[in-house]
Student: 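My questions will all concern the structure given below.
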Amino acid sequence: MRRAPAGVLLAAAAGLLLGACGQADGPTTTPTQAPSTQSVAPVSPGTDDAPADLGTPEEYAQQVVDETNAARETEGLEPLAPSSCAEEQALPRAEALVADGGELVHAPLAPVSAACEPASRAGENLSRAAASAADVVDAWLGSPGHRSNLLSPEFTELGVACTPMTVDEVDEMLCAQIFLGP
């Protein structure tokens, strides 16, 4: 079993890493302590062993948005409105993670809320995957912290940005999903 920072779901066999930060109850959510560690189980991204055709970063990001809103609809929740500000904040976060080797580490969310006023709360899900966007969202739904962000009625807007990376000759997509709420 691999160890990871709290909120990070490791699925090494599946080529899928996930991270969640934020919560819907209260003002802007920002990590204030060093993350603790927890064990997590692998998640299988699909039925065949071949990596998904990931497409362009923009296509993949839109698929994450679509899958997120489909999951919300299934739960009887309103879809998240697109936020260009959240998307603009997500891109440098994803690019910085790629530059740091792809480790999923959350940055403070206070700058996101400040840049995207009047938002008073923010949350973030991260993923690094050689899996489809649908598989990433399914894995997020299987993790309490990620699920909380995805299905929170307190969040009303969403921006996703993705950037490609290659790990051990496998093409992956690293994405930052930013949620905003009033």
Student: Would you call L126 and Q177 a side-chain contact if the rule is heavy atoms closer than 4.5 Å?
Tutor: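 L126 vs Q177: side chains apart.
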Student: Please report the interatomic distance CG(L80) to CZ(F155), rounded to the nearest 0.5 Å.
Tutor: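 Answer rounded to 0.5 Å: 9.0 Å.
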Student: Kindly say whether E169 contributes a backbone atom to a donor-acceptor pair with the side chain of T166 at under 3.5 angstrom?
Tutor: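 Such a contact is absent between T166 side chain and E169 backbone.
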Student: Minimum heavy-atom separation for C116 to A86, with atom names?
Tutor: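 Reported closest heavy-atom pair: SG-N, 3.8 Å.
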Student: Quick check: closest heavy atoms across A114 and E117, and the distance to 0.1 Å?
Tutor: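 Looks like O-CG, 3.3 Å.
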Student: What are the two closest heavy atoms between R93 and P108, and how far apart are they?
Tutor: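 Between these two residues, the closest heavy atoms are NH1-O, 3.2 Å.
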Student: Which distance, rounded to the nearest 0.5 Å, do you find between the CD1 of I178 and the SG of C85?
Tutor: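 Reported value, rounded in 0.5 Å steps: 10.0 Å.
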Student: Could you tell me the separation between the SG atom of C162 and the CD atom of E58, rounded to the nearest 0.5 Å?
Tutor: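 It comes to 9.0 Å.
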Student: Quick one: are L174 and E172 in side-chain contact, heavy atoms under 4.5 Å?
Tutor: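 They are not in side-chain contact.
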Student: side-chain contact (heavy atoms from CB on, under 4.5 Å) between L158 and T68: does it pass, once the steps are laid out?
Tutor: CA-CA 9 Å; L158 176 66; T68 296; 4.1 Å; yes
Student: Please find the pair of heavy atoms, one from H146 and one from S143, that lie closest to each other, and give the distance.
Tutor: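 Taking every non-hydrogen atom into account, ND1-OG, 2.6 Å.
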Student: Provide the closest heavy-atom pair for A71 versus L141 in the form atom of the first, atom of the second, distance.
Tutor: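 For A71 and L141, the tightest heavy-atom pair comes out as CB-CD1, 3.8 Å.
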Student: side-chain contact (heavy atoms from CB on, under 4.5 Å), that's the test. Do M173 and R128 meet it? Break it down for me.
Tutor: CA-CA 6 Å; M173 201 67 75; R128 192 184 100 199; over 6 Å; no
Student: Is T156 close to P182 at the side-chain level, that is, under 4.5 Å between some pair of heavy atoms?
Tutor: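 A side-chain contact exists here, since the closest heavy-atom pair is under 4.5 Å.
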Student: Quick one, V64 and W140 - any side-chain contact, counting heavy atoms below 4.5 Å?
Tutor: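 Touching, per the 4.5 Å side-chain cut-off.
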Student: If you apply the rule side-chain contact (heavy atoms from CB on, under 4.5 Å), what do you find for L180 with V112, and how did you get there?
Tutor: CA-CA 9 Å; L180 299 174; V112 171; 3.9 Å; yes
Student: Ion pair present between E78 and R72, side-chain N to carboxylate O less than 4.0 angstrom?
Tutor: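 Looking at E78 and R72, the cut-off is not met.
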Student: So, do T163 and P57 sit near enough that their side-chain heavy atoms are less than 4.5 Å apart?
Tutor: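 Heavy-atom side-chain distance check fails, nothing below 4.5 Å.
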Student: Just checking E75: does its CD atom have more than 12 heavy atoms from other residues, nucleotides or ligands closer to it than 6.0 angstrom?
Tutor: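 More than 12 within 6.0 Å, yes.
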Student: Indicate, with yes or no, if L97 and L91 share a hydrophobic cluster defined by side-chain heavy-atom contacts under 4.5 Å among Ile, Leu, Val, Met, Phe, Trp and Tyr.
Tutor: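 Unlinked, L91 and L97 end up in two clusters.
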Student: Mind listing the closest non-hydrogen atom pair of A129 and L54 along with its distance?
Tutor: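 Scanning both residues, the minimum pair turns out to be O-CD1, 3.9 Å.
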Student: Are a donor atom and an acceptor atom from the side chains of D66 and Q62 found within less than 3.5 Å of each other?
Tutor: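 Checked: D66/Q62 side chains pair up, N/O donor to acceptor below 3.5 Å.
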Student: Kindly indicate whether the side chain of L109, heavy atoms from C-beta on, has any atom under 4.5 Å from the side chain of E124.
Tutor: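 A side-chain contact under 4.5 Å exists here.
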Student: Below 4.5 Å, heavy atoms only, C-beta onward: do Y60 and C175 meet side chain to side chain?
Tutor: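 Sidechains of C175 and Y60: in contact.
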Student: Any non-hydrogen side-chain atom of E87 less than 4.5 Å from a side-chain atom of S83?
Tutor: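 No, every pair of side-chain atoms sits at 4.5 Å or beyond.
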